[in-house]
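Sharing a structure below in structure tokens format, with a few things to ask.
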Amino acid sequence: MPMQQLVSIIMPAYKAAKTISDSIESVLAQTYQNFELIVIDDCSPDNTRDIVNQYVSLDNRVKLISKENNQGVAAARNTGLDIVTGDYVAFLDSDDKWDTKKLEKQIQVFKNQDVDVIFSSYYRFNSTGIKNLVSVPLAVDYSQLLKGNCIGNLTAIYKFDRFSSVRQKKIGHEDYLFWLEIFSNSPAVKGIGIQEPLAFYRVSEDGSNVSANKLEAAKWTWNIYRKHLNIGLTKSIFYFICYAMKAVTKRV
């Protein structure tokens with residue numbers, strides 16, 4: 001039998017002692033087993049590292065990188081990207097989870113179709129249960145992605161060799177700019193959205209600071225259009241309106 005292609009999974013972690021076991025367990029439970037899980041501890045003050053080291057001692061696919069200084073989630077993911085060895089790269093934060101067949105179903109699409117990035121629908125949840133389903137389009141390209149980020153970072157997997165130089169920037173919405181930069185590559189990047197929800201995104205327990213977070217996210221998105229992509233004012237306003245409409249429906 002041909003050797004299965006390796007998936008590198010990057011998991012940034014900071015003060016994640018309460019949730020990281022569930023996240024790691026959801027990776028270890030994958031039906032597709034040829035992966036490496038790289039956990040980057042961003043100088044956590046709690047016992048996050050101790051918990052991860054327990055998994056490191058039990059499974060050689062789990063690796064821990066401990067940063068000496070807290071630098072934020074973008075830098076943590078980049079640390080992982082600098083050392084991955086897989087054919088594909090996927091992201092999972094230390095408070096989110098995957099469906100057990102997430103990788104299997106995505107690798108099957110890679111085998112059957114000419115595609116660069118695969119993402120999926122996902123659930124938003126907390127300790128009280130599932131809050132809602134976030135659906136995704138069947139496919140996406142750069143122009144569509146400018147109208148709002150339909151790629152849940154925890155659901156995405158991509159061919160690393162084609163985009164090995166792309167890194168995340170510490171700007172807020174670092175994952176959105178990351179996917180925009182990937183899809184801006186030539187020749188045209190092909191992205192497919194699996195309609196089945198394959199991941200679980202953890203949201204605030206009490207809904208605190210939701211309005212403030214939305215305002216902050218809106219500022220970050222506007223800065224991506226104007227400062228990082230240098231899009232003109234008229235087009236930026238158009239894309240921002242599209243983004244705002246999608247942001248509302250995502251939380252319904």
Side-chain angles (χ1 to χ4, degrees), residues 1-14 16 20-21 23-43 48-49 51-68 71-94 96-120 151-169 174-175 178-179 181-183 185 189-192 198-199:
M1 293 179 62
M3 183 178 294
Q4 286 186 317
Q5 291 179 297
L6 180 67
V7 178
S8 294
I9 304 157
I10 297 174
M11 180 181 290
Y14 179 68
I20 195 167
S21 289
S23 300
I24 293 175
E25 292 285 355
S26 78
V27 173
L28 298 180
Q30 291 296 300
T31 53
Y32 188 91
Q33 287 279 295
N34 194 28
F35 60 78
E36 61 175 358
L37 172 59
I38 304 171
V39 182
I40 302 93
D41 178 70
D42 199 17
C43 200
T48 295
R49 287 185 299 279
I51 294 171
V52 178
N53 272 321
Q54 293 176 8
Y55 289 99
V56 171
S57 66
L58 294 172
D59 195 318
N60 60 14
R61 296 171 300 177
V62 183
K63 305 169 185 178
L64 173 63
I65 306 296
S66 296
K67 297 181 75 71
E68 296 182 359
Q71 297 178 310
V73 66
R77 288 176 183 146
N78 290 342
T79 296
L81 287 170
D82 288 341
I83 63 171
V84 296
T85 60
D87 303 284
Y88 305 107
V89 166
F91 300 101
L92 181 64
D93 285 351
S94 56
D96 299 331
K97 300 186 295 183
W98 281 349
D99 179 90
T100 56
K101 292 188 176 181
K102 191 259 189 191
L103 291 181
E104 177 188 345
K105 292 184 177 183
Q106 292 181 317
I107 295 299
Q108 193 61 44
V109 175
F110 276 125
K111 289 180 179 179
N112 294 332
Q113 300 189 51
D114 178 18
V115 60
D116 304 294
V117 180
I118 302 171
F119 53 102
S120 78
I151 301 176
N153 205 56
L154 75 163
T155 75
I157 183 171
Y158 69 100
K159 292 179 177 177
F160 183 67
D161 60 350
R162 183 172 177 190
F163 312 104
S164 59
S165 64
V166 182
R167 295 292 184 271
Q168 297 201 353
K169 297 178 175 63
E174 57 279 325
D175 54 328
F178 178 78
W179 295 116
E181 291 185 337
I182 280 183
F183 275 83
N185 276 261
V189 177
K190 297 178 182 178
I192 286 179
L198 297 177

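In this text, all values refer to a predicted model and were calculated from it rather than measured experimentally.
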Any donor-acceptor pair under 3.5 Å from Asp42 side chain to Ala13 backbone: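 No; judged by distance alone, with no hydrogens or angles, the pair does not exist.
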What are the two closest heavy atoms between Leu154 and Ala199, and how far apart are they?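 That closest heavy-atom pairing would be CD1-CB, 3.7 Å.
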Check each of Tyr158, Phe163, Phe119 against Trp179 using the ring pair (Phe, Tyr, Trp, His ring centres under 6.0 Å) test, and report the only one that passes.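 Checked Tyr158, Phe163, Phe119 against Trp179; only one passes ring pair (Phe, Tyr, Trp, His ring centres under 6.0 Å): Tyr158.
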Side chains of Val7 and Asn34: does their closest heavy-atom pair fall under 4.5 Å?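 Answer no - side chains too far apart.
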Is the centre of the Phe160 ring less than 6.0 Å from the centre of the Tyr88 ring?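 No, the ring centres sit 6.0 Å or more apart.
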Going by an N to O cut-off under 4.0 Å, is there a salt bridge joining Asp99 and Lys105?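 Looking at Lys105 together with Asp99, the answer is no, because their closest N to O distance does not fall below 4.0 Å.
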Working note: Lys63 + Val56, criterion side chain to side chain contact (heavy atoms under 4.5 Å, CB included); need CA distance, chi angles, decisive distance, verdict. CA-CA 6 Å; Lys63 305 169 185 178; Val56 171; 5.9 Å; no
Check this for me, if you would: do Glu181 and Lys169 make a salt bridge, where the nitrogen-to-carboxylate-oxygen distance has to be below 4.0 angstrom?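 A salt bridge links Glu181 with Lys169.
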Flag the pair Val73 / Glu174 as yes when at least one side-chain heavy-atom distance between them is below 4.5 Å, and no otherwise.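 Yes; the side chains approach each other to less than 4.5 Å.
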Which heavy-atom pair separates Arg49 from Cys43 by the least distance, and what is that distance?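 Scanning both residues, the minimum pair turns out to be NH1-C, 4.1 Å.
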Between Lys102 (side chain) and Thr155 (backbone), is there a donor-acceptor pair under 3.5 Å?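 Such a contact is found between Lys102 side chain and Thr155 backbone.
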Quick one, Ile83 with Ile38, criterion side chain to side chain contact (heavy atoms under 4.5 Å, CB included). Give me CA distance, side-chain angles, the key distance, then yes/no. CA-CA 9 Å; Ile83 63 171; Ile38 304 171; 3.9 Å; yes
If we only count heavy atoms from C-beta on, is the Ile65 to Asp41 side-chain gap below 4.5 Å?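 Side-chain contact under 4.5 Å: no.
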Measure the spacing between CD1 of Ile118 and CD1 of Ile151 and express it to the nearest 0.5 Å.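 Between Ile118 CD1 and Ile151 CD1, I get 11.5 Å after rounding to 0.5 Å.
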So does Val109 get a backbone contact from the side chain of Asn112, meaning a donor-acceptor N/O pair under 3.5 Å?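 A pair under 3.5 Å: no.
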If you measure only the distance, is there a donor-acceptor pair under 3.5 Å linking the side chains of Thr79 and Lys67?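 Present: a donor and an acceptor within the cut-off.
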Are any of the side-chain nitrogens in Asp93 or Arg77 under 4.0 Å away from the carboxylate oxygens of its partner?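 Looking at Asp93 and Arg77, the cut-off is met.
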Restricting to side chain to side chain donor-acceptor pair (under 3.5 Å), what partner residues turn up for Ser57, sequence neighbours left out?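 Listed in chain order: nothing, the list is empty.
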Please test Met11 against Ser23 for side chain to side chain contact (heavy atoms under 4.5 Å, CB included), starting from the C-alpha separation and ending with a verdict. CA-CA 9 Å; Met11 180 181 290; Ser23 300; 3.7 Å; yes
How about Thr85 and Glu36: does a side-chain donor come under 3.5 Å of a side-chain acceptor?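 Side-chain D/A pair, Thr85 to Glu36: present.
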Do any N or O atoms from the side chain of Asn78 and from the backbone of Gln168 form a donor-acceptor pair under 3.5 angstrom?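 The answer is yes, because a donor-acceptor pair under 3.5 Å joins these two groups.
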Can you name the ring-ring contact (aromatic ring centres under 6.0 Å, His included) partners of Phe183, sequence neighbours left out?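 Phe183 satisfies ring-ring contact (aromatic ring centres under 6.0 Å, His included) with no other residue.
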Is there side-chain contact between Lys101 and Leu198, with heavy atoms separated by less than 4.5 Å?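 No, every pair of side-chain atoms sits at 4.5 Å or beyond.
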Just by modelled atom types, is the Ala16 backbone N or O under 3.5 Å from a matching donor or acceptor in the Ser94 side chain?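 Between the backbone of Ala16 and the side chain of Ser94 there is no qualifying donor-acceptor contact (under 3.5 Å).
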Is any side-chain heavy atom of Ile9 less than 4.5 Å from a side-chain heavy atom of Leu103?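 Side chain of Ile9 against side chain of Leu103, heavy atoms only: contact under 4.5 Å found.
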Closer than 3.5 angstrom, by distance alone: can the side chain of Ser8 be matched with the main-chain N or O of Gly86 as a donor-acceptor pair?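 At least one qualifying donor-acceptor pair exists.
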Which heavy atom in Trp98 sits nearest to a heavy atom in Gln30, and how many Å separate them?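 It is CB-NE2, 3.6 Å.
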Do Glu25 and Tyr55 have side-chain atoms, one donor and one acceptor, less than 3.5 Å apart?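 On atom types as modelled, these side chains qualify, holding a pair under 3.5 Å.
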Got a donor-acceptor contact below 3.5 angstrom from the Asp87 side chain to the Leu6 backbone?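 Side chain of Asp87 to backbone of Leu6, a donor-acceptor pair under 3.5 Å: yes, one is there.
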State, with a plain yes or no, whether a side-chain heavy atom of Ile20 is found less than 4.5 Å away from one of Val39.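 Yes, side chains in contact.
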Please report the interatomic distance CG(Leu37) to CG(Leu92), rounded to the nearest 0.5 Å.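 It comes to 8.0 Å.
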Quick one: are Lys159 and Asp161 in side-chain contact, heavy atoms under 4.5 Å?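 Lys159 reaches Asp161 side chain to side chain.
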Derivation of the side chain to side chain contact (heavy atoms under 4.5 Å, CB included) call for Ser26 and Thr100: CA-CA 7 Å; Ser26 78; Thr100 56; over 6 Å; no
Looking at Arg162 and Asp116, is any side-chain nitrogen of the basic one under 4.0 Å from a carboxylate oxygen of the acidic one?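 Arg162 and Asp116: salt-bridged.
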Within 45° of the six-membered ring axis of Phe35 and under 6.0 Å from that ring's centre, is NZ or CZ of Arg61 located there?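 Here Arg61 passes the 6.0 Å and 45° test against Phe35.
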Where do Gly80 and Ile10 come nearest, in terms of heavy atoms and distance?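 That would be C-CD1, 3.6 Å.
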Ignoring hydrogens, what is the shortest heavy-atom contact between Ile182 and Val189? Give both atom names and the distance.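 Scanning both residues completely, I find the closest heavy atoms to be O-CG2, 3.2 Å.
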Any side-chain heavy-atom pair from Ile107 and Ile157 closer than 4.5 angstrom?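 Yes, close enough: below the 4.5 Å cut-off.
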